[in-house]
2 protein chains.
Amino acid sequence: MTQITTQTLSRSEATSARIIAAARTLFVARNYADVTTDMIAGAAGVTKGGLYHHFASKESLYASMMLDDFERKHKLFEQAVASSGTSRERLARLTRDFLALPEEERELARLVRRDINTFTGNDRDRLVRAYQLALPEQIEAIIRDGIRDGELAQGDPRILSWSFVALVEVVVSQYAYDALGSTSQRLEHVLDLFFDGAAANPTGGTR
Amino acid sequence: MTQITTQTLSRSEATSARIIAAARTLFVARNYADVTTDMIAGAAGVTKGGLYHHFASKESLYASMMLDDFERKHKLFEQAVASSGTSRERLARLTRDFLALPEEERELARLVRRDINTFTGNDRDRLVRAYQLALPEQIEAIIRDGIRDGELAQGDPRILSWSFVALVEVVVSQYAYDALGSTSQRLEHVLDLFFDGAAANPTGGTR
DNA sequence: ATACCGACCGACTGACCGGTCGGTTTGAGT
DNA sequence: ACTCAAACCGACCGGTCAGTCGGTCGGTAT
């Protein structure tokens with residue numbers, strides 16, 4: 001009954017995948033308005049007519065590209081979420097997995113976090129939902145466990161989750177230049193900052 | 001010799017200011033490409049011809065709008081930077097001043113932080129420089145003092161500065177919905193998170 | 001061989017938009 | 001009251017680009 005998923009794609013699927021890949025590369029490099037459908041088609045080895053045979057509009061192509069990305073990231077991060085250990089260890093695993101992704105996919109994640117809340121379009125809700133499942137909610141799950149186990153202080157898991165993602169982006173992104181050396185050093189840096197803060201003396205603060 | 005700066009603007013200055021204000025409102029609400037010069041002119045009560053009498057191009061209007069904003073923010077934050085107290089107190093002052101700004105200006109700051117590193121255009125360098133003076137370098141100055149005085153742990157002040165701004169945005173922005181009540185609660189929350197981290201037990205971590 | 005169909009092509013269109021330009025209005029100085 | 005320059009208008013141009021559509025091509029079933 002359960003058919004083995006054939007690894008070989010049909011011609012149509014292969015072309016769609018090529019178009020989505022080309023779109024990802026271009027949308028990451030330039031912003032939506034500066035990428036023309038001709039450019040995407042050209043990069044994918046089809047013409048504009050071919051592109052419109054597979055996607056109803058530029059916007060729906062953009063949405064398809066993001067959904068495709070969310071699905072892959074969702075699967076990738078599930079392992080880290082399901083793994084055992086302290087929440088710090090599990091966040092480290094998840095972040096390491098993220099850092100191991102090709103630059104293009106990391107950049108896309110940045111772009112998505114940037115734009116997801118202001119995105120308008122037909123499949124806005126589906127898109128927002130898929131994104132939340134792909135990243136923020138997975139981190140939230142780990143953070144919830146951390147709070148439950150007394151490892152993290154009481155606090156809104158949603159805000160903590162977004163804060164963690166924001167810190168990862170800052171520490172990893174180019175603003176930081178090469179002030180921090182290797183990827184693992186950066187990883188420890190962001191974990192330290194998130195868990196322990198920037199103060200020299202941990203008794204400081206109002207808490 | 002030093003002429004008293006007249007508070008009343010000339011007609012030309014007043015119109016330029018109106019155009020910049022209209023541009024700010026629109027660019028904050030929609031993104032650059034989706035805002036037409038006709039829309040800006042209309043909102044400012046002039047025609048496109050009038051707009052182009054004051055600004056050489058859409059891009060230079062955009063740059064002027066940002067420079068105008070940077071200047072105002074620079075002046076606003078200077079007081080907090082120059083004030084006395086612990087670095088935590090001074091960052092609290094600066095952040096409170098920022099939170100007291102009208103929503104539009106806070107949104108613009110978010111937009112700028114988002115885009116400044118990918119901005120391309122003639123006055124790119126001038127713009128980046130002005131922005132750094134307006135926000136990151138002012139925060140950096142406070143953080144440097146904090147490190148010098150042993151209040152903050154050793155670390156790259158630049159990264160810490162960006163991290164702080166990122167945390168402020170997360171805690172204040174709409175993703176957080178109304179999970180945190182008043183502005184002052186949000187302010188304390190972000191300061192706690194930045195200085196002390198999210199861990200329940202401050203001895204955790206690798207440090 | 002023939003009929004058929006999905007995949008793909010590429011020239012075209014219609015709308016939009018940044019920027020221009022010749023002309024008109026406004027108001028400060030005399 | 002006259003002058004002149006700056007401020008402003010609005011029709012227009014040139015280019016760009018999303019989306020269309022009639023048609024071709026290659027594979028597949030009969």
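Letters go in sequence order (proteins before strands), and every chain restarts at 1. Just so you know, these numbers come straight off a predicted model, no measurement behind them.
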Nucleotide-resolved protein contact map, nucleotides 6-23 of chain D, B/S/- at heavy-atom distance under 4.0 Å: -BSBB------SBBB---

Looking at five pairs on each end of the helix from C:dA1-D:dT30 to C:dT30-D:dA1, what is the angle between the two axes, given to 10 degrees? 10°

For the residue pair A:Glu13 / A:Ser10, report whether a side-chain donor-acceptor contact shorter than 3.5 Å exists. yes

Sidechain N-carboxylate O distance under 4.0 Å for A:Arg110, A:Glu107: yes

Check the orientation of B:Phe70 and B:Tyr131. Use parallel for under 30°, tilted for 30 to 60°, and perpendicular for over 60°. tilted

Take the angle between the ring planes of A:Phe164 and A:Phe194 and call it parallel below 30°, perpendicular above 60°, tilted in between. perpendicular

Can you tell me how far the CG atom of B:Leu51 sits from the CZ atom of B:Arg18, to the nearest 0.5 Å? 11.0 Å

Salt bridge check, B:Lys73 against B:Asp97: does any charged N sit closer than 4.0 Å to a carboxylate O? no

Using the six-membered ring wherever Trp is involved, compare the ring planes of A:Phe119 and A:Tyr62 and label them parallel, tilted or perpendicular (cut-offs 30° and 60°). parallel

